[in-house]
Amino acid sequence: MAEHMDPEEFRRAGHAVVDWIADYWTTLEQRPVTSQDPPGAVAAALPAGPTEHGEPVEAVLADLDRVVAPRLTHWQHPGFFGYFPANTSGPSVLGDLVSSGLGVQGMLWATGPACTELETVLLDWLAGLLDLPERFRSTGRGGGVIQDSASSATLVATLGALHRASKGRWRTDGIDRRYRAYTSTEGHSSIEKAARIAGLGADGVRTIEVDPATQAMNPAALRAAIEADLAAGVVPAIVVATIGTTSTTAIDPLPELGAICAEHGVWLHVDAAYAGAAAVCPELRWSHAGLEYADSYCFDPHKWLLTGFDCDAFWVADRGELIEALTVMPEFLRNAATESGAVIDYRDWQVPLGRRFRALKLWFVLRWYGVEGLRSHIRSGVALADRFAARVVADDRFELAAPHPFSLVCFRLRAGDEASAELLRRVNATGRVLLTHTRVGGRYTLRLAVGSPLTTKRHIDEAWELFSAAADDLLAA
């Protein structure tokens, strides 16, 4: 039997692992962005079962090189432009390493006081950095917490909203009548999922039409839907508005939507999963106008703020309301600190009981980069997207499919859906870049999302050259 890894053995193995990661980052650009192997290739390359006797770390690293790395989609690659970025950075990885080494279980203040207090302070720091409304600060009635993802943030907001809409009956009686959630037709799929998990069913979500020019939620249509539901005896519970929709980064009109929610006492949750990071830059904060109406708000530092997945920053204007909805206190968790009422127990702000020390990686990132470093990263992404968009506009074979306020460019061939889809297939097949697609106004649209700290002007220009050359071949055929 292999012995436990003692601290000295860990030190030696740890150096080897850090070297492996650094070498991986160094060689990323030489690798194809996606694996070309068929499904099952990794499974076929693995042995039938675990080793009887322990193996050295070097053997594991050799198989990382042989089996795993060649069959990845490389999300940190400078040519990865798919989905939204899920970028990490050196400081984030080191913070995660410390978190793993400490192995703290941060469900209660008492089970790791520094784990809770650092998180509370960091979420206040972030609120200041984004210039969020004062009501989200822990110094008042609000406060922030790290969720695993914006999907969980939406679910927790939905549960808080149901508690409010039912005047507290939700905790004891469950779903005792028809409640409704509202979002735009461009809202994220996690909104419907949250409604289903919460017991509202898919019919519990009303999708509201968008303005065809902006892809943003139409306030008049929201008002009409809420009023129709009220007339039918349905209780409006939550509106989920989006700053930076998944397809096109459209921005819902919060001032108008917020006023409607305030008028009817409906919980307003704002999902800024990707685009929230932009608000670290003062010149991009126009995108958050109207946020003072929100009961809750979230964004993902793990998308565009150099912090490894999973890290969603979620704030509420009234933490008491959320805690009342979610708290459960079994005997085995009772402790003097909790009963004093003087501490935050983050288990009451989320679905699971347990929680990792996620604040450490955020702390490392904020301290390493500083405010100006983070702003520089966001500005670089916006500038690179502008650079690509300018190439699209200058080529009459192509057109932009939507505005590009952040670092996502939506574009297509004027020749139509089939040509655009074939263009994407050909360019992705080169292995140099990876893009994904959506539909805008029913038409097939390519999405180029910039976010990697490794991406430079050279990579943007190479991506454009790939598209231009592929369009030459495709349109000449």
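With salt bridges taken as basic N to acidic carboxylate O contacts below 4.0 Å, none links R426 and D473.
Side chain of W368 to main chain of G373: no donor-acceptor pair is present (N/O by atom type, distance under 3.5 Å, no hydrogens or angles). The backbone N or O of K361 lies less than 3.5 Å from no partner atom in the side chain of D96, so there is not a single donor-acceptor pair.
In the model, Y274 has no side-chain atom that pairs as donor or acceptor with a side-chain atom of T246 under 3.5 Å. Side-chain N/O atoms of H377 and S380 include no donor and acceptor closer than 3.5 Å.
Residues I344 and E119 fail the side-chain proximity criterion, which asks for heavy atoms closer than 4.5 Å. Contact check for F398 versus L423: side-chain heavy atoms found under the 4.5 Å cut-off. Residues H188 and T154 have side chains not in contact (no heavy-atom distance under 4.5 Å, counting atoms from C-beta outward). Counting only heavy atoms from C-beta outward, the side chains of L374 and L366 approach each other to under 4.5 Å.
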Would D461 and R391 count as a salt bridge (Lys or Arg N to Asp or Glu O under 4.0 Å) here? Give the steps. CA-CA 9 Å; D461 292 346; R391 301 294 179 91; 3.2 Å; yes

Could you check Y24 against H74 for ring pair (Phe, Tyr, Trp, His ring centres under 6.0 Å), going step by step and ending with a plain yes or no? CA-CA 10 Å; Y24 171 74; H74 299 286; 5.6 Å; yes

From CA spacing to verdict: salt bridge (Lys or Arg N to Asp or Glu O under 4.0 Å), R412, D417: CA-CA 8 Å; R412 58 193 168 215; D417 287 3; over 6 Å; no

Could you walk me through whether R379 and E283 pass salt bridge (Lys or Arg N to Asp or Glu O under 4.0 Å), step by step? CA-CA 10 Å; R379 287 168 178 152; E283 70 273 18; 2.7 Å; yes

Dump the intermediate steps for salt bridge (Lys or Arg N to Asp or Glu O under 4.0 Å) on R137 and D124, then the final yes or no. CA-CA 6 Å; R137 310 295 207 281; D124 282 343; 5.4 Å; no

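Considering T26, L28, T27 as possible partners of Q30, the one that fulfils the side chain to side chain contact (heavy atoms under 4.5 Å, CB included) test is T27.
The two residues A419 and L413 make their nearest non-hydrogen contact at O-CD1, 3.7 Å. Between H302 and D148 the shortest heavy-atom distance is CE1-O, 3.6 Å.
In terms of the side chain to side chain donor-acceptor pair (under 3.5 Å) criterion, E256 has no residue partners (sequence neighbours excluded). With sequence neighbours excluded, the residues satisfying salt bridge (Lys or Arg N to Asp or Glu O under 4.0 Å) with D472 are R397. Applying the side chain to side chain donor-acceptor pair (under 3.5 Å) rule to R432 yields the partners E462; only residues at least two apart in sequence or on another chain are considered. By the salt bridge (Lys or Arg N to Asp or Glu O under 4.0 Å) test, R347 pairs with no residue at all, sequence neighbours left out. With sequence neighbours excluded, the residues satisfying side chain to side chain donor-acceptor pair (under 3.5 Å) with E117 are W109.
Residues H288 and Y297 bring their aromatic ring centres within 6.0 Å. Here F81 and H459 keep their ring centres 6.0 angstrom or further from each other.
Classified by interplanar angle (parallel below 30°, tilted 30° to 60°, perpendicular above 60°), the ring pair H163/W170 is perpendicular. Using cut-offs of 30° and 60° on the angle between ring planes, the pair Y346 and W349 is perpendicular.
Screening residues 245-265 for ring-ring contact (aromatic ring centres under 6.0 Å, His included), with sequence neighbours left out, gives no hits.
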